[in-house]
Each structure stands twice: as C-alpha cells, then as structure tokens.
Amino acid sequence: GRFYLPAGTYRLTASGNTGPYVGPYRAYVYRISEAPETAPLTLGLGSVVNEAINPIGDRDTFNIAIAPGELFRVRLDVSTVSARGLFVSYWDYDSPIYPGGPSFWLSPGDVTMPRTAQANDNRRFSISSYNENSSEHGTYTIRVEAVPLAPESNPATLGIGSTVSEALPVGDVDQYDLVAAPNSEFALLVRFVYASPCVEVLAPDSPVMLGSTYGAEQDIGSGIIRLGPTGRARIRVWVRNDCLVDMPYKAALAIPIDQYTLNVLAVNRAPEIAPATISVGDTVRSETISHPADVDEFRFTGTAGQVVVPAYRMIYTGFSAATLRLEIVTPGGNVVGTLVNGAYVGVWQRGTGIQLPSTGTFTARLMTEGNREGMGPYEFTVGN
C-alpha cells in the first residue's frame with residue numbers, strides 16, 4: 001500500500017512468524033508520484049488517456065477542466081490490463097491524501113456514475129488499483145465522457161398528466177422538459193424495482209432546484225412543486241452516489257435501473273368522497289390520500305378567539321412510509337396550526353389547541369408529509 005511520510009529517515013522492519021511465514025524475502029520501496037507519468041495533468045470532456053499503474057501502489061490524479069454544473073463520467077476502456085479492474089475516486093476535499101468523494105470499482109469497459117463538475121478547486125479524480133497487489137497494475141485507458149441527457153425511448157417533453165417508462169443503464173441520465181401553464185402545481189411519483197434513483201426538478205435555465213426526491217427499493221414521490229411564470233422546468237432522473245439510501249455497500253459500484261415509471265401528477269385539492277364543507281366537531285371518515293399530488297381541503301366556519309383541536313388517525317391497508325400532515329389555514333391563506341406525527345396506524349393523533357385569529361371560513365388541509373407515496377385511508381376531526 002501507499003504511505004504518506006514527511007521528509008526524514010525511517011526504519012523498515014520485517015519479522016517472521018510461525019508456520020509458512022519464514023525464509024528468504026525481497027522488499028521493494030518505491031517513490032510514488034500522484035501525477036500521471038506521461039499523460040496530460042488536466043483533462044476535459046472527450047479526453048482519452050493512456051497511462052499505467054506502475055509500480056504497484058501507484059496512483060494517477062488528474063485535474064478536470066469542465067464547466068461547473070456540467071455532467072461527466074469516466075469510462076475504463078476494455079483494453080485495460082488489470083483484469084480485476086481499477087478504482088476511480090473523485091476528490092471532495094483539499095486533502096493531499098484522501099479524496100473524500102465517491103469511488104467506483106470499475107472492471108474494463110465499465111463507467112462511473114455521472115458526476116457534476118464542481119465550481120471549487122476540488123475538481124480532480126484519481127486512478128488506482130483495488131488491492132495494490134501484483135495482479136493489479138499495468139496499462140489502462142480512460143475516457144472522460146459527456147453524459148447524454150435524452151431518454152432512450154420516450155419523448156423528451158412532458159406535460160402534467162404524462163407517464164413514461166424508461167431504463168437507466170449504468171452512467172445514464174434521463175432529462176425531460178416539463179411544459180405546462182404558468183404557476184401550475186404538480187407532484188412526481190416514480191416506481192422502480194431496484195437501486196436508488198435521484199429525481200430532481202430544476203429551473204428551465206439555471207441550476208436552481210424546485211424540488212427533489214429519492215428512495216431505496218420502493219415507490220417514491222415528491223412533495224407538491226409549483227412552476228414559475230414560464231410554466232417550464234427540467235425533470236432529471238439518475239442514479240447518484242449520495243442517493244444510495246440504506247445501501248452503503250454499493251458506494252463503490254455503478255448501479256443500473258432496469259426500468260422505472262415516472263408519473264407527473266396534477267394536484268387535486270378536493271376530497272374524493274366526503275363533502276368539502278364541515279363543521280367544527282364533525283368527524284370525517286372514508287377519505288383517502290392516494291398519491292403525492294392528492295390534497296384534501298375541507299372548509300369550516302370559525303370565529304375570532306375560538307380554540308379548535310385537530311386530530312387524525314391513519315387506517316392501515318398496506319405498507320407506506322409516508323406520514324399524514326394536517327394544516328389549519330386562515331381565510332387569508334396563512335397556516336396557523338400543523339399536526340404531523342409518525343405512522344401510528346389506527347391510533348388517534350391529537351394536536352394542541354389552535355386559537356383562530358379571525359372570523360371567517362378556514363381550511364383544514366390534509367396531504368402526505370415528506371417525499372413518499374400517499375398514506376391511504378384516514379379519519380380526521382377539527383374538534384372544540
């Protein structure tokens with residue numbers, strides 16, 4: 001392995017043990033350079049590098065000259081000599097020793113997960129062997145590639161109500177342009193079988209994030225997202241190292257998704273079953289939150305100074321990681337009280353008393369909390 005030592009004089013000691021660990025030996029001490037031996041130190045999109053991990057324990061570190069925010073990936077060519085593959089490690093720190101970013105163990109022909117070029121000085125990656133033993137050194141070829149953003153089999157433009165099914169090969173990113181009426185509201189529901197996709201909603205012409213969600217081996221949904229005055233946004237689906245939820249052992253692998261389904265859901269604020277007008281003290285039954293864009297809003301009349309107590313219970317019909325959220329909203333649209341509790345299925349969850357600030361028509365708003373799929377059926381009341 002590599003040792004990082006300050007200048008000085010050191011002693012190397014070899015000691016034997018019982019059994020087979022006796023007899024003659026030969027020790028080699030090499031000076032290791034972090035710089036590539038013959039290839040350029042700085043690479044950009046499209047760069048192809050022919051280099052070598054030699055001697056054993058060598059590491060080649062390259063600078064990245066790619067515009068901040070651009071996506072790229074590194075591919076290990078099939079001509080690479082090391083049959084066990086090599087590590088590609090991204091640097092997230094200024095440390096001269098430890099890269100700190102995600103590392104990928106690539107066999108010849110493999111590619112890393114996509115990486116966003118950084119705006120700081122930590123725009124580097126390194127090539128090194130896996131175990132630094134005698135079988136893992138020799139020549140290699142890497143390619144710095146731009147990441148294609150177009151989905152493979154679906155239109156790149158979506159509207160609210162669209163549903164698409166796609167696959168994400170290793171290192172792939174699917175980006176869709178969402179076009180709708182200005183200031184429209186929507187939510188996303190993504191169904192997949194395996195791995196941990198990141199789903200991001202970005203402004204149409206900047207890296208500003210409007211919303212995002214991720215998850216591990218289950219359906220995932222976003223919260224409600226509002227478009228700006230242009231009525232446009234970009235939806236990006238990809239597998240990224242920091243989205244590997246509950247699967248840390250996969251941090252050194254590039255993960256494919258055989259199939260995912262992306263639903264762009266319109267927000268519906270009307271209850272599906274129960275009347276939308278209630279009175280303080282009523283208990284609403286037989287309603288449900290069915291997906292991330294489903295919001296049930298009930299209106300009730302209140303007077304200034306009146307104290308109301310929100311309460312709900314969730315009725316179990318199957319697994320869901322979501323939590324219900326109940327908000328009390330004034331006639332002017334301000335939230336004056338919120339009840340959010342964990343998934344205590346079948347048990348009434350009661351909030352503290354809320355003093356209404358004025359007289360008028362208030363709203364009791366129920367929706368999913370967090371980034372998971374809907375809760376299913378529930379009951380609630382706004383009591384005295």
Side-chain angles (χ1 to χ4, degrees), residues 1-2 28 30 32-66 70-92 98-117 123-149 152 167-174 194-197 238-241 243-244 247-258:
R2 286 181 299 274
Y28 296 90
Y30 298 105
I32 300 297
S33 170
E34 290 282 343
E37 284 67 39
T38 60
L41 183 62
T42 300
L43 307 179
L45 289 176
S47 293
V48 179
V49 169
N50 298 296
E51 259 295 346
I53 296 298
N54 194 30
I56 298 169
D58 186 21
R59 182 165 72 181
D60 295 338
T61 299
F62 300 91
N63 296 322
I64 303 167
I66 299 175
E70 290 289 327
L71 293 174
F72 70 96
R73 61 193 184 189
V74 176
R75 184 178 299 276
L76 187 62
D77 194 80
V78 293
S79 63
T80 297
V81 169
S82 176
R84 290 201 60 188
L86 297 172
F87 261 125
V88 178
S89 301
Y90 291 113
W91 291 72
D92 277 347
Y98 180 60
S103 295
F104 303 96
W105 177 22
L106 303 185
S107 297
D110 286 349
V111 67
T112 66
M113 293 182 194
R115 174 79 165 172
T116 303
R123 298 163 63 186
R124 297 177 289 165
F125 70 89
S126 296
I127 308 294
S128 60
S129 59
Y130 178 57
N131 277 329
E132 298 166 358
N133 62 38
S134 59
S135 67
E136 297 176 0
H137 72 290
T139 59
Y140 68 86
T141 300
I142 57 169
R143 304 173 187 272
V144 182
E145 302 177 343
V147 179
L149 299 179
E152 284 68 35
L168 278 177
V170 172
D172 189 25
V173 175
D174 289 343
Y194 192 65
S196 299
W238 55 327
V239 177
R240 202 174 66 216
N241 182 265
C243 291
L244 295 179
M247 294 185 286
Y249 66 91
K250 293 181 179 177
L253 304 175
I255 311 297
I257 294 180
D258 294 333

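The minimum heavy-atom distance between Val147 and Gly171, with the atom names listed, is CG1-O, 3.7 Å. The heavy-atom pair separating Val173 from Pro114 by the smallest distance is CG2-CG, 3.5 Å. Considering every non-hydrogen atom in both Leu71 and Thr116, the closest pair reads CD2-OG1, 3.3 Å. Contact record, Leu41 with Thr61: CD1-O, 3.4 Å, taken as the closest heavy-atom pair. When every heavy atom of Pro55 is checked against every heavy atom of Ile32, the shortest pair comes out as CG-CD1, 4.0 Å. The two atoms that bring Arg73 and Asp172 nearest to each other are NH1-N, 4.1 Å, heavy atoms only.
For the atom pair CG of Asp77 and CG of Asn50, the computed distance is 8.0 Å after rounding to the nearest 0.5 Å. Rounded to the nearest 0.5 angstrom, Ile66 CD1 and Phe72 CZ are separated by 5.0 Å. Note that OG1 of Thr38 and CD of Glu51 are 4.0 Å apart. Values are rounded to the nearest 0.5 Å. One finds the CD1 atom of Ile64 at 9.5 Å from the CG atom of Leu45 (value rounded to the nearest 0.5 Å). To the nearest 0.5 Å, atoms CD (Glu152) and CG (Asp174) are separated by 5.0 Å. In this structure, Ile142 CD1 and Thr112 OG1 are separated by 10.0 Å, a value rounded to the nearest 0.5 Å.
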Side chain to side chain contact (heavy atoms under 4.5 Å, CB included) between Val88 and Ser126: does it pass, once the steps are laid out? CA-CA 6 Å; Val88 178; Ser126 296; over 6 Å; no
In sequence, state the C-alpha distance, the side-chain angles, and the governing distance for Val111 and Val170, and then conclude on side chain to side chain contact (heavy atoms under 4.5 Å, CB included). CA-CA 7 Å; Val111 67; Val170 172; 3.6 Å; yes
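Ring centroid separation for the pair Phe125 and Phe104 does not come in under the 6.0 Å cut-off.
Between Trp105 and Phe87, the ring planes are tilted. Angles from 30° to 60° get that label.
Under the side chain to side chain contact (heavy atoms under 4.5 Å, CB included) test applied with Glu37, the options Ile53, Asn54, Asp58 reduce to a single match, Asp58.
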